[in-house]
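These notes are about the structure you will find just below.
Side chains included, hydrogens not; waters and symmetry mates left out as well; all remaining heavy atoms used. By convention in this document, chain letters (A, B, ...) are assigned in the order of the sequence lines, proteins followed by strands, and residues within each chain are numbered from 1.
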Amino acid sequence: QKEVEQNSGPLSVPEGAIASLNCTYSDRGSQSFFWYRQYSGKSPELIMFIYSNGDKEDGRFTAQLNKASQYVSLLIRDSQPSDSATYLCAVPHSGGGADGLTFGKGTHLIIQP
Amino acid sequence: ETGVTQSPTHLIKTRGQQVTLRCSSQSGHNTVSWYQQALGQGPQFIFQYYREEENGRGNFPPRFSGLQFPNYSSELNVNALELDDSALYLCASSSRDRGPKEQFFGPGTRLTVL
């Protein structure tokens, strides 16, 4: 059974600082990795995905992947109060990616004004 | 572009009853996945449908079943409801023709089993 581990938090970060969210996964065969943001009472919203080792940047967000360490992270620069949400890390349920996603429990992020 | 829609928004059932939840996929998407999200947890994969057939299943019993229709919309059926089935049920659509399989979620159906 694939597992995705995240620190549930809450992670409290002052406004304007960098928020760092971490995720580890159990299956070395995982090929792609997804970060979703979920506001309270809402459905998950895709922020970004990564499938190559290294960094991928999109605006204030940077995803970092280290397949050797089975570790993926999400950095949020210049954190804003609107970034306060639960961040979910996910990998494909099967190695080929044809199935659904296996999610972690999520990290609750609080940006303090 | 039309997003993913789900109905109903909320539902209250009693233990032992049966329920059907509905999902319309995003325009251009041919794959639908269903998830169960309990309070304080991440979504758990129930199953996925592609070309009207089940294409992968998570660790859920057979009383969770589904359908996909030619227009790619989908239904989730749950028989013999249990109290632990109370959760937010999420539908996500994607396209198997594009990688790497980003999924886009609907607003969810909140099911309460009494």
query = Ile47(A), Phe105(B): one ILVMFWY side-chain cluster at the under-4.5 Å cut-off?
reply = no
request  = Treat each ILVMFWY residue as a node, draw an edge where side-chain heavy atoms are under 4.5 Å apart, and state whether Phe104(B) and Trp35(A) are in one component.
outcome  = no
ask   = Side chain, backbone, both or neither: which part of Gln38(A) has an atom under 4.5 Å from a heavy atom of chain B?
value = side chain
message = Give me the atom names and distance for the closest heavy-atom approach of Glu102(B) to Leu46(A).
response = CB-CD2, 3.5 Å
remark   = Under 4.5 Å to a heavy atom of chain A? For Arg57(B) that would be backbone
message = If hydrophobic clusters are built by linking Ile, Leu, Val, Met, Phe, Trp and Tyr wherever their side-chain heavy atoms come under 4.5 Å apart, do Leu90(B) and Leu21(B) end up in the same one?
response = no
Engaged part of Tyr35(B) at the chain A interface, taking heavy atoms whose separation is under 4.5 Å = side chain
ask   = Is any side-chain heavy atom of Pro43(B) closer than 4.5 Å to a side-chain heavy atom of Leu88(A)?
value = yes
message = Taking Tyr25(A) as the starting point, is it possible to reach Phe34(A) by hopping between hydrophobic residues whose side chains are less than 4.5 Å apart?
response = no
inquiry  = Can a donor-acceptor pair be found, under 3.5 Å and without considering hydrogens, that links the side chain of Ser43(A) to the backbone of Gly108(B)?
reply    = no
Non-hydrogen side-chain atoms of Phe45(B) and Phe103(A) separated by less than 4.5 Å = no
message = Counting only heavy atoms from other residues, nucleotides and ligands, does the tally under 6.0 Å from CZ of Arg77(A) exceed 12?
response = yes
query = According to a 4.5 Å side-chain heavy-atom criterion applied to Ile, Leu, Val, Met, Phe, Trp and Tyr, with indirect links allowed, do Leu81(B) and Leu76(B) form part of one hydrophobic cluster?
reply = yes
query = At what distance, to the nearest 0.5 angstrom, does NZ of Lys105(A) lie from CD of Gln37(B)?
reply = 12.5 Å
